[in-house]
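Sending over a structure as structure tokens; questions will come in a sec.
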Amino acid sequence: MEQAGEFLLSKIARGDGHGENSPYFEGWKAYEDDPFHPIKNPNGVIQMGLAENQLSCDLVQQWITSNPEASICTAEGVHEFKDVANFQDYHGLPLFRQGVAKLMGRTRGNRVRFDPDRIVMSGGATGAHEVTAFCLADPGEAFLVPTPYYPGFDRDLRWRTGVKLLPVICESTNNFKLTKKALESALEKAKEDNITVKGLLITNPSNPLATIMDRETLKMVVKFINHNHIHLVSDEIYAATVFSNPGFTSIAEIIEEEEECDRNLIHIVYSLSKDMGFPGFRVGIIYSYNDNVVNCARKMSSFGLVSTQTQHLIAAMLSDDEFVERFLAESARRLAKRYGIFCRGLAKVGIKCFQSNAGLFLWMDLRPLLKKQTFQEEMALWRVIIHKVKINVSPGSSFHCCEPGWFRNKDVTVASKKPCSPRNLMLSFSSIRMDDFLMSPHSPIPQSPLVKATT
């Protein structure tokens, strides 16, 4: 009966376009089914596959405590409840848009200014990407995306829009750098397959590489999209997570320098989930230089607006220049410290990480642990890590990486300081014992990098 009932549903409802079968999402499920807790479940799965910025929550909590009038749910702010609760303009509160525009400029070193009237809000970066895809492409048309890239893009841009994502292959031999040759090759293949390419999607800073895209590469990208007259969508949601040099360069800065750039082709996706650590607020931003896209996106934002209560709070917070400056500086300092602790700990047990200076995660090189350099062996290793070692990390194949053996590992975790029962894994890969390289975080052995980095 249940199977027969499925045919009463739409193709989207019956299909698997969400991508839940990806190891990226399977890891989340493993954690949800058996979440680690230092007291209630010390042998559970530790969540290291979700990019959350929790390092500076205390700074936000202190600000809220000192500014109770910023919330309409306090005695100090309740007098504004009626006005805020009844505000329905999908343009958004003017002070909210002004605050976001100012933050976007500040996180880019104030080298470029953003127009509040071009700020379009959406339900997180997920909603922002989908709305952008709806505005720029029709079903069956495609975006080029350099690999490795965030697994959620397969859901965000493809599932409901019918848009295709075509990988632009980047390799470790040149540090996964995007090249003109790789772009031209991907575009030529699309033409051979009779697929219309409408745009290029880049992520800067990168997820999962946690690196920034250098100025010369960005200039090459702008010239490429202008030459081929396709759109450029720049995902810059990790802009303020850069914690060391070289600094972040926004595509907004590049187009100021490129006189021949058609700005109608340039669009930026931003959010407060990573930079400020507010994923639950679902604040996504579309910033387009194309008036038609701004108008269309704003109409479509009716399906995923940010609540006015959230806008009101954030507007007050972002208008406090002293707080924002202090928050961004301290957040970068803490991210740098945690990154160093984690990399040094992993290096002690022979695990190398891709050199990076941004983001909330590490790109680990576990290729020496593979018996054969195949994606089948990568998945076997992943299953060992998640089911035996009890850590949720994400395999490179879920990021469409062209080389097996790379894993993304969040470097901000919570674990018990008290040693639990040892769970060292005795699995051999080509005569190399797994526990020589990757000890369980539950192990009492003090040399474990995962114990040191999370305490």
Which heavy atom of Cys135 sits nearest a heavy atom of Met300, and at what distance?
->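 In this case the closest contact between Cys135 and Met300 is SG-SD, 4.2 Å.
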Verify, without hydrogens or angle tests, whether Thr147 (side chain) and Cys170 (backbone) share a donor-acceptor contact under 3.5 angstrom.
->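 Yes: the side chain of Thr147 pairs with the backbone of Cys170.
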For Arg215 and Glu257, what are the C-alpha separation, side-chain angles and deciding distance, and is it a side-chain contact (heavy atoms from CB on, under 4.5 Å)?
-> CA-CA 11 Å; Arg215 185 175 291 271; Glu257 303 169 2; 2.5 Å; yes
Between Glu256 and Arg111, is there a side-chain N and carboxylate O pair less than 4.0 Å apart?
->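 Judged by the 4.0 Å cut-off on N to carboxylate O distance, Glu256 and Arg111 do not form a salt bridge.
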Ignoring hydrogens and angles, tell me if any N or O in the side chain of Ser66 forms a donor-acceptor pair with the backbone of Gln62 under 3.5 Å.
->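 Yes, because the side chain of Ser66 sits within donor-acceptor range (under 3.5 Å) of the backbone of Gln62.
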Between Phe176 and Trp406, ring centroids under 6.0 Å =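 Yes, the ring centres sit under 6.0 Å apart.
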Does a donor on one side chain and an acceptor on the other come within less than 3.5 Å for Asp235 and His129?
->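 Yes - a donor-acceptor pair under 3.5 Å links their side chains.
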Answer yes or no: is there a donor N or O on one side and an acceptor on the other, between the side chain of Thr374 and the main chain of Glu377, under 3.5 Å?
->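 A pair under 3.5 Å: yes.
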Over all heavy atoms of both residues, which pair between Ile230 and Val197 is shortest? Give the atoms and the distance, please.
->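 Scanning both residues completely, I find the closest heavy atoms to be CG2-O, 3.4 Å.
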Regarding Thr310 and Ser307, is there a side-chain donor-to-acceptor distance under 3.5 Å anywhere?
->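 Their side chains do contain a donor-acceptor pair, which is all the 3.5 Å distance test asks for.
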Spell out, as yes or no, whether a donor-acceptor pair under 3.5 Å connects the side chain of Ser271 to the backbone of Gly284.
->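 Flag not set: sc Ser271 to bb Gly284 has no pair under 3.5 Å.
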Taking all heavy atoms of Thr161 and all of Pro139, pick out the closest pair and write down the distance.
->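 It is O-CG, 3.5 Å.
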Do the numbers put Arg333 on top of the ring of Tyr339, so that NZ or CZ is under 6.0 Å from the six-membered ring centre and no more than 45° off the axis?
->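 Pair Arg333/Tyr339 does not count as cation-pi.
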Pairwise distance CZ(Arg344) to CG(Leu346) - rounded to 0.5 angstrom |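 Arg344 atom CZ to Leu346 atom CG measures 11.0 Å (nearest 0.5 Å).
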Show your working on side chain to side chain donor-acceptor pair (under 3.5 Å) between Thr196 and Glu141 and close with a plain yes or no.
-> CA-CA 5 Å; Thr196 300; Glu141 296 179 332; 4.7 Å; no
side-chain contact (heavy atoms from CB on, under 4.5 Å) between Thr249 and Asp214, intermediate numbers included = CA-CA 7 Å; Thr249 301; Asp214 64 76; over 6 Å; no
With the side chain counted from C-beta on, respond yes when Thr126 and Arg155 share a heavy-atom pair under 4.5 Å apart, and no when they do not.
->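 Counting from C-beta outward, Thr126 and Arg155 do come under 4.5 Å.
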Would you check if the side chain of Asn226 reaches a backbone N or O of Asp262 as a donor-acceptor pair within less than 3.5 Å?
->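 Yes, Asn226 side chain to Asp262 backbone: donor-acceptor pair under 3.5 Å.
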Going by an N to O cut-off under 4.0 Å, is there a salt bridge joining Lys177 and Glu171?
->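 Answer for the salt bridge query: no.
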Non-hydrogen atoms of Leu144 and Leu183 that approach each other most closely |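 For Leu144 versus Leu183, the nearest heavy atoms are CD1-O, 4.3 Å.
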Would a 4.5 Å heavy-atom cut-off, applied to side chains only, mark Arg408 and Val393 as touching?
->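 Arg408 vs Val393: side chains apart.
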Taking the side chain as every heavy atom from C-beta outward, state whether His312 and Ile72 have any pair of such atoms under 4.5 Å apart.
->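 Answer yes - side chains close enough.
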Are any of the side-chain heavy atoms of Trp382 and Glu26 separated by less than 4.5 Å?
->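 In short, these two side chains touch, coming nearer than 4.5 Å.
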Between Phe281 and Phe278, how do the two ring planes meet: parallel, tilted or perpendicular, split at 30° and 60°?
->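 Geometry flag for Phe278 against Phe281: tilted rings.
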Carboxylate-amine/guanidinium proximity below 4.0 Å for Asp138 and Lys198 |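 No, no charged N to carboxylate O under 4.0 Å.
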Could you state the interatomic distance from CG (Leu200) to CG (Asn228), rounded to the nearest 0.5 Å?
->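 Interatomic distance, Leu200 CG to Asn228 CG, rounded to 0.5 Å: 10.0 Å.
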Side chains of Val233 and Ile202: closer than 4.5 Å at any heavy-atom pair?
->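 Contact flag for Val233/Ile202 side chains = no.
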Could you tell me whether the side chain of Leu265 reaches within less than 4.5 Å of the side chain of Val222, counting heavy atoms only?
->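 Side chain of Val222 against side chain of Leu265, heavy atoms only: no contact under 4.5 Å found.
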How far apart are the C-alpha atoms of Phe143 and Tyr149, what are their side-chain angles, what is the distance that settles it, and do they pass the ring pair (Phe, Tyr, Trp, His ring centres under 6.0 Å) test?
-> CA-CA 13 Å; Phe143 286 91; Tyr149 66 80; over 10 Å; no
Considering all heavy atoms of both residues, which atom of Ala252 and which atom of Tyr289 are nearest to each other, and what is their separation?
->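 Reported closest heavy-atom pair: CB-OH, 3.3 Å.
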Would you call Asn392 and Ile46 a side-chain contact if the rule is heavy atoms closer than 4.5 Å?
->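 Answer no - side chains too far apart.
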Separation of Ser206 OG from Phe354 CZ (nearest 0.5 Å) |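 Rounded to the nearest 0.5 Å, the CZ-OG separation comes out at 8.0 Å.
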Interatomic distance, Ile268 atom CD1 to Glu236 atom CD [nearest 0.5 angstrom] =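 Result: 4.5 Å between the selected atoms.
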Roughly how far apart are Asp275 CG and Ser56 OG, rounded to 0.5 Å?
->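 Rounded to the nearest 0.5 Å, the CG-OG separation comes to 11.0 Å.
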Between the side chains of His400 and Asp154, does any donor sit under 3.5 Å from an acceptor?
->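 Note: His400 and Asp154 side chains meet the donor-acceptor criterion.
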Counting N and O atoms only, with roles assigned by atom type, does the side chain of Ser185 sit under 3.5 Å from a partner on the main chain of Ala182, one being a donor and the other an acceptor?
->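 Absent.
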Trp28 and Phe25 aromatic ring geometry - parallel, tilted or perpendicular at 30°/60° bounds =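 Because their plane-to-plane angle is over 60°, the rings of Phe25 and Trp28 count as perpendicular.
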Sole residue of Ile195, Asp193, Leu157 in side chain to side chain contact (heavy atoms under 4.5 Å, CB included) with Lys164 |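 The residue from Ile195, Asp193, Leu157 that satisfies side chain to side chain contact (heavy atoms under 4.5 Å, CB included) with Lys164 turns out to be Ile195.
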Is it true that Arg367 and Glu378 have a side-chain N and a carboxylate O under 4.0 angstrom from each other?
->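 No.
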Any sub-3.5 Å donor-acceptor pair from Asn53's side-chain atoms to Gly277's backbone N or O?
->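 Checked: no pair found.
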Side chains of Asn357 and Asn245 in contact at under 4.5 Å (non-hydrogen atoms) =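 No. Closest side-chain heavy atoms not under 4.5 Å.
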Main-chain N/O of Ala70 paired with Asn67 side-chain donor or acceptor, under 3.5 Å |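 No; zero donor-acceptor contacts below 3.5 Å.
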Lys299 backbone acceptor or donor facing Ser302 side chain under 3.5 Å =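 Yes.
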Parallel, tilted or perpendicular: which describes the rings of Phe153 and Tyr150, with under 30° parallel and over 60° perpendicular?
->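 Answer is perpendicular, since the angle exceeds 60°.
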Mark yes or no for whether Ser331, through its side chain, and Phe327, through its backbone, hold a donor-acceptor pair below 3.5 Å.
->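 Between the backbone of Phe327 and the side chain of Ser331 there is no qualifying donor-acceptor contact (under 3.5 Å).
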Which atoms form the tightest heavy-atom contact between His231 and Ile225, and what is the distance?
->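 Smallest interatomic distance, heavy atoms only, reads O-CG2, 4.1 Å.
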Parallel, tilted or perpendicular: ring planes of Tyr287 versus Phe114, cut at 30 and 60 degrees |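 Plane angle over 60°, so perpendicular.
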Between CG on residue Asp117 and CG on residue Asp291, distance to nearest 0.5 Å =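 Spacing of CG (Asp117) from CG (Asp291) equals 10.5 Å.
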Are Arg160 and Glu130 ion-paired here, with the side-chain N under 4.0 Å from a carboxylate O?
->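 Counted as a salt bridge, because a side-chain N and a carboxylate O are separated by less than 4.0 Å.
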Salt bridge present between Asp58 and Arg334 (N-O < 4.0 angstrom) =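 So Asp58 pairs with Arg334 through a salt bridge.
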